[in-house]
2 protein chains.
Amino acid sequence: MKRPLREEPESSGARTTVTERAMQRIKDMISDGLLVPGQRLPTEREFAADLGLSRSSMREAIRALTVLGVLEARHGAGVYVTSLEPRDLLDTFGVVAEISRGDTLLHLVQVRKILEPAATATAAARIDDEILTLLRAEMTAMEQGGSAEEIVGHDLEFHRLIVEAAGNPVLSAILDGLSSRTFRARVWRGYRVEGVFERTFQEHDRIYRALAERDPESARTAAAIHVTAVEDWLRTQAEIDEV
Amino acid sequence: MKRPLREEPESSGARTTVTERAMQRIKDMISDGLLVPGQRLPTEREFAADLGLSRSSMREAIRALTVLGVLEARHGAGVYVTSLEPRDLLDTFGVVAEISRGDTLLHLVQVRKILEPAATATAAARIDDEILTLLRAEMTAMEQGGSAEEIVGHDLEFHRLIVEAAGNPVLSAILDGLSSRTFRARVWRGYRVEGVFERTFQEHDRIYRALAERDPESARTAAAIHVTAVEDWLRTQAEIDEV
DNA sequence: TGGCAGAATTGGTAGGACCACCGGCGAACC
DNA sequence: GGTTCGCCGGTGGTCCTACCAATTCTGCCA
């Protein structure tokens with residue numbers, strides 16, 4: 001029973017590491033408004049002393065919150081709170097797609113199959129001519145070809161612009177993460193399957209026309225057809241290589 | 001180990017820290033199948049020596065991948081690769097909701113408004129009697145009341161069960177993250193608005209009946225109505241307190 | 001007045017020391 | 001003979017110190 005330095009029973013979750021507690025304290029400071037976007041934190045040495053832990057542990061906490069997109073460390077300048085906007089916080093989403101495989105990849109596309117038609121429909125009601133011009137340019141660039149990487153880049157940008165037009169940053173961030181892996185796969189494998197490229201372009205054209213006509217339901221359908229095609233493509237790829 | 005330092009100009013992104021490079025190496029090992037779920041990594045000291053960096057930096061990399069749900073460190077036992085399934089990788093999603101506020105909270109619910117009806121519709125086509133029984137139990141428990149925390153817990157579980165029945169782990173993980181914040185807010189604020197509790201129960205009942213009848217479209221509609229109600233509730237809360 | 005070199009500041013890396021916890025082996029006990 | 005318990009090596013967790021590298025500030029000099 002001789003507990004040397006028993007933690008206070010106040011927070012029952014005493015069974016945790018100091019680094020985790022530090023992360024929680026920092027997150028709480030943000031939730032409570034003590035730390036606001038763009039604000040600079042105390043230096044690592046100072047902050048560690050304030051919270052009563054070593055610089056090493058504090059660094060681990062800061063590193064963890066950095067990869068989560070909450071903090072940003074600038075060498076020689078200090079540690080800052082990010083904008084805390086979805087695009088900062090959700091880029092870890094891409095990590096999931098990066099190391100997923102097998103059925104999980106199909107599940108990722110299936111979620112995209114839900115989100116992308118809805119996003120495209122919303123975009124149809126809000127899109128302006130400027131974005132439409134950009135979309136047209138991406139389509140042209142993609143049609144004219146180039147390296148596989150360039151083509152996929154234009155493909156990616158085409159969809160990104162549309163989703164962005166829907167006006168929901170959370171939605172944009174999620175779909176970015178969901179799509180990245182699929183597109184990366186295309187870079188590596190190319191559009192090997194017969195006629196995939198032509199079909200993709202036709203589908204893009206159909207989406208574009210629906211958007212230009214500000215027709216949400218047509219846009220939804222066109223997007224659904226497109227993502228379903230991507231899903232089918234992914235299935236064939238899964239059969240080709242056992243990974 | 002021919003090159004102790006001096007990054008190759010090949011990878012233009014040489015402007016990076018050793019910790020980040022270590023994270024990338026580990027992720028690559030997983031992508032390449034050198035590390036599989038459940039496998040144990042070398043000890044921190046050993047692994048650091050292998051990759052040519054200090055234990056401090058290696059620990060930061062491991063800590064970062066731990067919060068991302070990729071690795072799991074067991075004190076005294078070693079570091080292991082997680083199952084790498086969506087529920088492990090996407091619980092960082094909750095962090096986003098945890099520190100978001102203002103418009104971002106609305107954007108979160110709006111994404112949920114897209115996903116949840118789709119998930120509920122899918123569930124209607126796949127759900128079995130066992131799950132329906134569980135849902136019934138949650139509804140009863142919620143109706144009988146208790147602390148705010150308990151009620152919200154049953155509310156949360158009700159939705160979780162439905163989404164799980166849709167059979168897409170990625171979808172489940174995303175919706176878990178999206179919902180957690182809203183429900184936590186409910187715990188704190190209670191169901192203060194007049195009649196919210198009764199209306200919630202009626203909506204749940206409607207969802208339940210649609211599922212029991214295996215009617216996807218009714219289920220979709222019922223879920224949409226429900227989430228929209230949540231969205232409205234959130235708007236009123238946003239007006240009450242300026243946070 | 002303006003620009004530039006050096007100093008001070010601050011994050012990044014390294015390495016060592018010690019503590020807390022896990023797991024297995026073997027002695028001790030029933 | 002079987003079970004229990006304690007010891008001990010291994011491993012992650014924490015702290016510390018020193019030094020490197022990027023940034024920012026300061027103040028001198030032209």
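A note on names: the letters A, B, ... follow the listed sequences, proteins ahead of strands, and every chain is numbered from 1.
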Measure the distance from [atom1] on [X] to [atom2] on [N] and round it to the nearest whole Å.
{"X": "A:Met58", "N": "C:dT13", "atom1": "CE", "atom2": "C1'", "value": "18 Å"}
{"X": "B:Glu60", "N": "C:dA14", "atom1": "CD", "atom2": "C1'", "value": "12 Å"}
{"X": "A:Leu71", "N": "C:dT10", "atom1": "CG", "atom2": "P", "value": "17 Å"}

A:Arg55 CZ: over 12 foreign heavy atoms closer than 6.0 Å = yes
Is there a donor and acceptor pair, one atom on the side chain of A:Ser57 and one on the base of D:dC15, closer than 3.5 Å?
-> no
Tell whether A:Arg55 reaches the base of C:dG12 with its side chain through a donor-acceptor pair below 3.5 angstrom.
-> yes
Does [X] have a side-chain nitrogen or oxygen under 4.0 Å from the phosphate oxygens OP1 or OP2 of [N]?
{"X": "A:Arg63", "N": "C:dT13", "value": "yes"}
{"X": "A:Thr19", "N": "D:dT14", "value": "yes"}
{"X": "B:Ser54", "N": "C:dT13", "value": "no"}
{"X": "B:Arg59", "N": "D:dG13", "value": "yes"}

Is B:Arg160 salt-bridged to B:Glu157, going by a charged N under 4.0 Å from an acidic O?
-> yes
Salt bridge or not for A:Glu138 and A:Arg136, using N-O below 4.0 Å?
-> no
Mind checking the [atom1]-[atom2] spacing from [X] to [Y]? Nearest 0.5 Å is all I need.
{"X": "A:Arg59", "Y": "B:Arg63", "atom1": "CZ", "atom2": "CZ", "answer": "13.5 Å"}
{"X": "B:Leu89", "Y": "A:Glu98", "atom1": "CG", "atom2": "CD", "answer": "11.0 Å"}
{"X": "B:Leu115", "Y": "B:Gln110", "atom1": "CG", "atom2": "CD", "answer": "12.5 Å"}

B:Phe93 versus B:Ile174: any side-chain heavy-atom pair under 4.5 Å?
-> yes
Quick check: does any side chain N or O of B:Asp129 sit under 3.5 Å from a backbone N or O of B:Leu132, one acting as donor and the other as acceptor?
-> no
For DNA chain C, which residues in residues 74-83 of chain A have a heavy atom at a distance below 4.0 Å?
-> A:Arg74, A:His75, A:Gly76, A:Gly78, A:Val79
Positions of residues 38-47 of chain A (non-hydrogen atom under 4.0 Å from DNA chain C), listed by number = A:Arg40, A:Thr43, A:Glu44, A:Arg45
Modelled atom types, side-chain donor and acceptor of B:His107 and B:Asp103, under 3.5 Å = no
With heavy atoms under 4.0 Å as the rule, sort A:Leu53 into base, sugar-phosphate or nothing.
-> sugar-phosphate
